[in-house]
Amino acid sequence: MKENLEQIVQPLLRWFDQNARILPWRDQPTPYRVWVSEIMLQQTRVEAVKPFYQRFMEALPDIQTLANCEEEELLKLWEGLGYYNRVRNMQIAARTVIEEYGGKLPDDYLELQQLKGIGSYTAGAIASIAYGKVAPAVDGNVLRVISRVTLSREDILKQSVKRGMEQAIVEIMPADRPGAFNQALMELGAMVCVPNGEPHCESCPLKGLCLARKMGAMDEIPVKKAKKPRRIEEKTVMIIRDGEHLAIHKRPPKGLLSGLYELPNTEGHLTQNEAVAWIKEKGFSPIRIKGLETAKHIFSHVEWHMTAYLILIEDPQETGEYLFVEPEKTEEKYPIPAAFAAYARYMEIKLGQEKYREDL
DNA sequence: AACTCGGGGCC
DNA sequence: GGCCCAGAGTT
């Protein structure tokens, strides 16, 4: 196995030298810059990360500023990227680095993995790219490329398969260019040995030795066990306006979208009468109400099927549960997940522009 | 080992 | 409509 796999090293490095994309985090691969990029890139495509990365690095240029950042501002910088615990964990790790390592990110593969949010992949990426150390960085790209090259039909979602791949990679990794080698594998997976659609084998530096290509089995590999279907949650979303302000609600500190702000909502699809009753139960005095279009938002493991109402109320008293904010302030200050994007225009409209269907 | 956690682009 | 992405933490 090792003898065979060793043949990929030089062609891969040569290809990478000619074809590496210019990416913001490749510019000055300092430990912090690599760290931030790798956290953002977890389960997230390069093109999606780019705009977030630039803005984040300007706002929080080093570990110290990250450690000191207010959580609200931190989440605002991450708004729309998803997997929000990534950035909270990164801040926890930043504080650990300051307290235990004098503010310098460790260079050791195993020590890095002790930090919150840094697993085997991210530890290997930082150690190899930022510190030039021999360590594996096996992500979905690498699992796909290597399993195709070796015609492996093992389930790449199994931990044991990933560990085996990490070991195999370490054994062939060139000691003089570990960072380039890890990035080359990922780059090939992203640009040539692509995850969806036909791989571009004609332009692949490994086409001569790829066993999946030899057998015409590129479409059968990698093998992944089927995942279970998403559950569906029905919700009714309330856009509650008093004319000047919009009601928002901070989600609980644990679970889905924890700590982010949302439009008031409740379980199930409520009729208009039920929605009015719900509003009154919350202590508000509705004046007018209008039913809005339905919307769907898909998460990894859940689907929200939403219906919604636009509701005008009399001047609210602060309940503590709900915050009444100016819509413009919402955009600059409160992180709101993309799940509510379908109703964004109702959050922003000026009172009077919208015709309510019914007076109450 | 199974489940949780976002969002978007591509087929 | 399904797939998967420079994964990691929790149970």
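It should be emphasised that the depicted structure is a prediction, and the values quoted were computed from it without experimental measurement.
Residue A:H297 has no polar side-chain atom (N or O) positioned under 4.0 Å from OP1 or OP2 of B:dG6. Within the structure, a side-chain polar atom (N or O) of A:H301 is placed less than 4.0 Å from OP1 or OP2 of B:dC5.
With the nearest nucleotide of DNA chain B identified for both A:P337 and A:R231, A:R231 has the one nearer the 5' end. Checking A:K158 against A:V302, the closest nucleotide of DNA chain B that is more toward the 5' end is the one next to A:K158.
To the nearest 0.5 angstrom, A:K250 atom NZ is 9.5 Å from A:L323 atom CG. Interatomic distance, A:H249 NE2 to A:L263 CG, rounded to the nearest 0.5 Å: 11.5 Å.
Under a hydrophobic clustering in which Ile, Leu, Val, Met, Phe, Trp and Tyr are joined whenever their side-chain heavy atoms come within less than 4.5 Å, directly or via other members, A:I146 and A:V223 fall into different clusters.
Proximity of residues 251-258 of chain A to DNA chain B (heavy atom under 4.0 angstrom from any strand atom) is restricted to A:G255, A:L256, A:L257.
For the pair A:Y84 OH and B:dG8 C1', the computed distance is 12 Å after rounding to whole Å. For A:K228 and B:dA1, the NZ to P distance is 17 Å, given to the nearest whole Å. A:R230 has its CZ atom 15 Å from the C1' atom of B:dC3, to the nearest Å. Spacing between atom CG of A:D155 and atom P of B:dA1 amounts to 10 Å, rounded to whole angstrom units. One interatomic measurement links the two molecules: CD of A:Q159 to P of B:dA2, which rounds to 10 Å at whole-angstrom precision. Straight-line distance from the CH2 atom of A:W304 to the C1' atom of B:dG6: 11 Å, rounded to whole Å.
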ask   = Where along nucleotides 5-11 of chain C does protein come under 4.0 Å, by heavy atom, of base (B) or sugar-phosphate alone (S), with - for untouched nucleotides?
value = BBBSSS-
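Closest contact between the side chain of A:F299 and the listed nucleotides B:dG6, B:dG9, B:dA2 involves B:dG6.
Taking the six-membered ring where the residue is Trp, A:Y322 and A:W278 present perpendicular rings, their angle passing 60° and hence far from 30°.
With both ends at atom P, the span from C:dT11 to B:dG6 equals 15 Å, rounded to whole Å. Taking the P atom of each, B:dC11 and C:dA6 are spaced 14 Å apart, rounded to whole Å.
Two residues are said to be in side-chain contact when any heavy atoms from C-beta on lie closer than 4.5 Å; A:I313 and A:I287 fail this criterion. Side-chain atoms of A:T65 and A:P61, non-hydrogen and from C-beta on, do get closer than 4.5 Å to each other. Between A:F299 and A:L257, the closest side-chain pair of non-hydrogen atoms falls below 4.5 Å.
For A:R177 and A:D17, the salt-bridge test passes: some basic side-chain N is under 4.0 Å from an acidic carboxylate O.
In this structure, A:R14 contributes its side chain and A:Q18 its backbone to no donor-acceptor pair below 3.5 Å.
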